[in-house]
2 protein chains.
Amino acid sequence: MGRDIPMDETALTDFPNDDASELSDFDAFHHRLRLSYAGLPRRLVQLADFVTREPDEVALGTVSSLAHQAGVQPSTVVRFARTLGFSGFSDMQAVFRDRLRLRNVTYKDRVSALHRGDGQPLEGATIFNGFFEAAMESLRALQSHLIPERLEAAIATLSAADCIYLLGLRRSMPVIRYLSYLLAKLDIRHQIIGLETGMEEESFTHAGPQDAAIVLSYTAYAPRTIELFRALEARSVPVIAMTDSAASPVIPASGLWLEVHEADFQGFRSNAASMVLVSTLAAAVAERRG
Amino acid sequence: MGRDIPMDETALTDFPNDDASELSDFDAFHHRLRLSYAGLPRRLVQLADFVTREPDEVALGTVSSLAHQAGVQPSTVVRFARTLGFSGFSDMQAVFRDRLRLRNVTYKDRVSALHRGDGQPLEGATIFNGFFEAAMESLRALQSHLIPERLEAAIATLSAADCIYLLGLRRSMPVIRYLSYLLAKLDIRHQIIGLETGMEEESFTHAGPQDAAIVLSYTAYAPRTIELFRALEARSVPVIAMTDSAASPVIPASGLWLEVHEADFQGFRSNAASMVLVSTLAAAVAERRG
DNA sequence: CACGGGATAGAACGTATATTCCCTAAATTC
DNA sequence: GAATTTAGGGAATATACGTTCTATCCCGTG
């Protein structure tokens with residue numbers, strides 16, 4: 001216990017800690033590592049990679065076990081520590097161990113910290129908790145309401161489509177953009193409806209039964225979305241709706257709709273469930289098309 | 001693959017036990033401890049209480065440090081281990097260390113377990129499960145890693161900012177767009193960096209210390225993001241990073257970064273955690289500004 | 001091609017740690 | 001109340017570990 005090494009306090013703390021966000025020793029270590037990484041010899045780079053990849057091993061292992069895993073000599077490990085400003089390996093390991101300790105401490109008290117209901121103005125942790133719960137709730141609801149057959153039908157329809165039109169305004173717009181991003185990456189032809197205001201109908205002048213559309217709309221359903229949805233149905237475009245109730249105005253005649261309940265927190269809808277479902281559709285269509 | 005357990009089973013357990021039938025060493029240890037607890041001598045009871053209360057100390061400490069903390073003699077610690085069926089203290093400690101190791105691997109391999117090796121096409125429900133699990137895992141990881149003080153510091157910085165610059169390319173772009181949408185709704189001045197390719201730097205020619213920036217980047221960090229991040233730092237723009245490791249190249253000198261691990265499924269990253277955190281930041285800043 | 005400097009590997013050293021043994025104290029039984 | 005058994009404390013011992021030193025190798029340089 002009696003570690004009489006002075007443990008060079010300045011070793012890691014001489015970095016600009018300007019403001020309230022104090023750099024943890026662990027972060028400071030990595031900061032230093034990044035700075036000197038470029039000029040490091042081969043074996044030390046090997047070690048640098050290893051310690052960033054397996055920080056837990058560093059905390060729990062011994063010099064020789066790490067040396068073995070990283071493919072270097074034990075003495076190199078010590079040299080690595082000294083190069084980074086520690087008095088020896090043990091000093092460096094202490095940083096990694098403290099991180100493990102700390103991590104589990106925050107894990108322990110986070111519940112009490114987050115659920116503080118003492119009427120104080122909303123602090124960050126409370127707001128986070130709200131969004132977190134909303135997302136979890138939405139995901140759970142999605143999982144329990146999802147009907148596999150419907151999902152399969154939706155995938156089949158989309159897979160057969162020539163071009164997939166995407167419709168979702170206001171709060172659903174970010175989800176649509178995300179879907180568009182996914183489809184682009186998967187090289188699936190698609191088109192967002194309504195990027196330019198007022199020109200929405202022009203987006204699907206050529207659309208027909210050979211295509212398909214995904215429509216997202218949650219209460220209160222944007223009137224413009226309903227309009228555009230009806231225009232799509234009028235053109236006999238097969239529509240897959242993602243909405244939150246059987247009474248929704250965007251449920252297609254085919255009955256092909258997927259139930260998604262987005263819990264909201266302070267008026268902001270967590271789009272977690274929509275994002276997951278939309279990812280599923282994109283990946284499944286890509287898979288189906290091969 | 002014997003794992004077709006519905007995910008809500010695993011959702012609430014603290015430790016990702018491989019299976020209900022196959023107890024982890026750590027759980028087995030506690031089971032044994034409970035059985036023999038009643039007939040234990042005084043000092044050993046003292047130790048039993050200590051190891052259940054502070055398992056991390058057992059994993060990280062030495063015989064004498066534990067003896068000191070528990071108020072017994074070092075030799076008693078060894079006797080304790082032997083009484084519980086270990087060959088010595090080190091054997092017992094190994095169990096506690098393995099537990100620490102396992103804790104942090106949880107989400108890594110779980111999703112990949114869904115990748116079917118038999119070459120069969122994945123059906124919709126399977127794909128959905130993958131994305132669903134990835135999202136849940138990301139959210140859980142976010143909750144356990146989030147440091148409330150850091151979050152507060154980030155909110156404070158953003159609240160004080162004149163204009164908030166948003167940076168995140170490729171896979172992070174959808175999240176940035178979503179954040180932009182939120183900020184627009186909340187009437188908070190902001191600017192996305194890099195909407196037009198090649199003209200990114202022009203987006204922040206007027207940026208300075210009075211502003212702030214949010215940078216999203218996950219492995220493998222897009223080189224262009226790193227470049228732009230450095231340019232921001234060079235202009236002394238306070239940067240808040242959302243990234244996945246202390247070794248990330250986009251961690252600002254201020255140390256103001258938030259840890260986010262996005263589990264991915266089939267190469268697609270669930271952005272669930274990022275979305276939740278980004279919503280939190282937007283709402284908290286709005287709240288702070290009143 | 002020769003030389004010098006630094007990086008690396010391997011071995012030797014000293015220390016800290018777990019372990020073991022033994023003695024003392026306490027408790028239980030005859 | 002004495003003897004025997006069991007728990008606990010303390011010190012000695014063995015081992016594993018980090019550290020340091022030195023010889024060798026590689027790479028760059030004159």
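Per chain, numbering begins at 1; letters A, B, ... match sequence-line order.
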| query | C:dA7, C:dT19, D:dG8: which one has an atom nearest the side-chain heavy atoms of B:Val63? | reply |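 Looking only at heavy atoms from C-beta outward on B:Val63, the closest nucleotide is C:dT19.
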| query | If you check every side-chain atom of A:Ser90, which of C:dA18, D:dA7, D:dT19 has the closest atom? | reply |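 Of the options given, the side chain of A:Ser90 lies nearest D:dT19.
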Round to a whole Å and report the spacing from [atom1] of [X] to [atom2] of [N].
X: B:Phe89; N: D:dA14; atom1: CZ; atom2: P; value: 22 Å
X: A:Gln93; N: D:dT19; atom1: CD; atom2: C1'; value: 14 Å
X: B:Leu47; N: D:dG8; atom1: CG; atom2: C1'; value: 12 Å
X: B:Leu44; N: D:dA7; atom1: CG; atom2: C1'; value: 8 Å
X: B:Arg42; N: D:dG8; atom1: CZ; atom2: P; value: 7 Å
X: A:Met92; N: D:dG18; atom1: CE; atom2: P; value: 11 Å

| message | Ring centroids only, cut at 6.0 angstrom: are B:Phe29 and B:Phe96 within range, meaning strictly under it? | response |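 Distance test on ring centres: under 6.0 Å, yes.
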| request: Return yes when atom CZ of B:Arg230 has more than 12 non-hydrogen atoms of other residues, nucleotides or ligands closer than 6.0 Å, and no otherwise. | output: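 No, CZ of B:Arg230 has 12 or fewer neighbouring heavy atoms, counting only those of other groups under 6.0 Å.
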| request: Please name the pair of heavy atoms, one in B:Leu232 and one in B:Ala213, separated by the smallest distance, quoted to 0.1 Å. | output: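 It is CD1-CB, 3.9 Å.
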| Any idea which heavy atoms bring B:Arg235 and B:Pro209 closest together, and the distance? |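 Nearest heavy atoms, B:Arg235 then B:Pro209: O-CD, 4.0 Å.
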| query | Do B:Ser248 and B:Ile251 have side chains that get closer than 4.5 Å, going by heavy atoms? | reply |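 Side chain of B:Ser248 against side chain of B:Ile251, heavy atoms only: contact under 4.5 Å found.
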| Geometric cation-pi criterion A:Arg43 and A:Phe50, 6.0 Å radius, 45° cone |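 Because its charged atom misses either the 6.0 Å distance or the 45° angle limit, A:Arg43 does not stack over A:Phe50.
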| request: Under 4.0 Å from any atom of DNA chain D, heavy atoms only: list the residues of residues 71-84 of chain B that qualify, in numerical order. | output: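 Within this stretch, B:Gln73, B:Ser75, B:Thr76, B:Arg79 sit under 4.0 Å of the strand.
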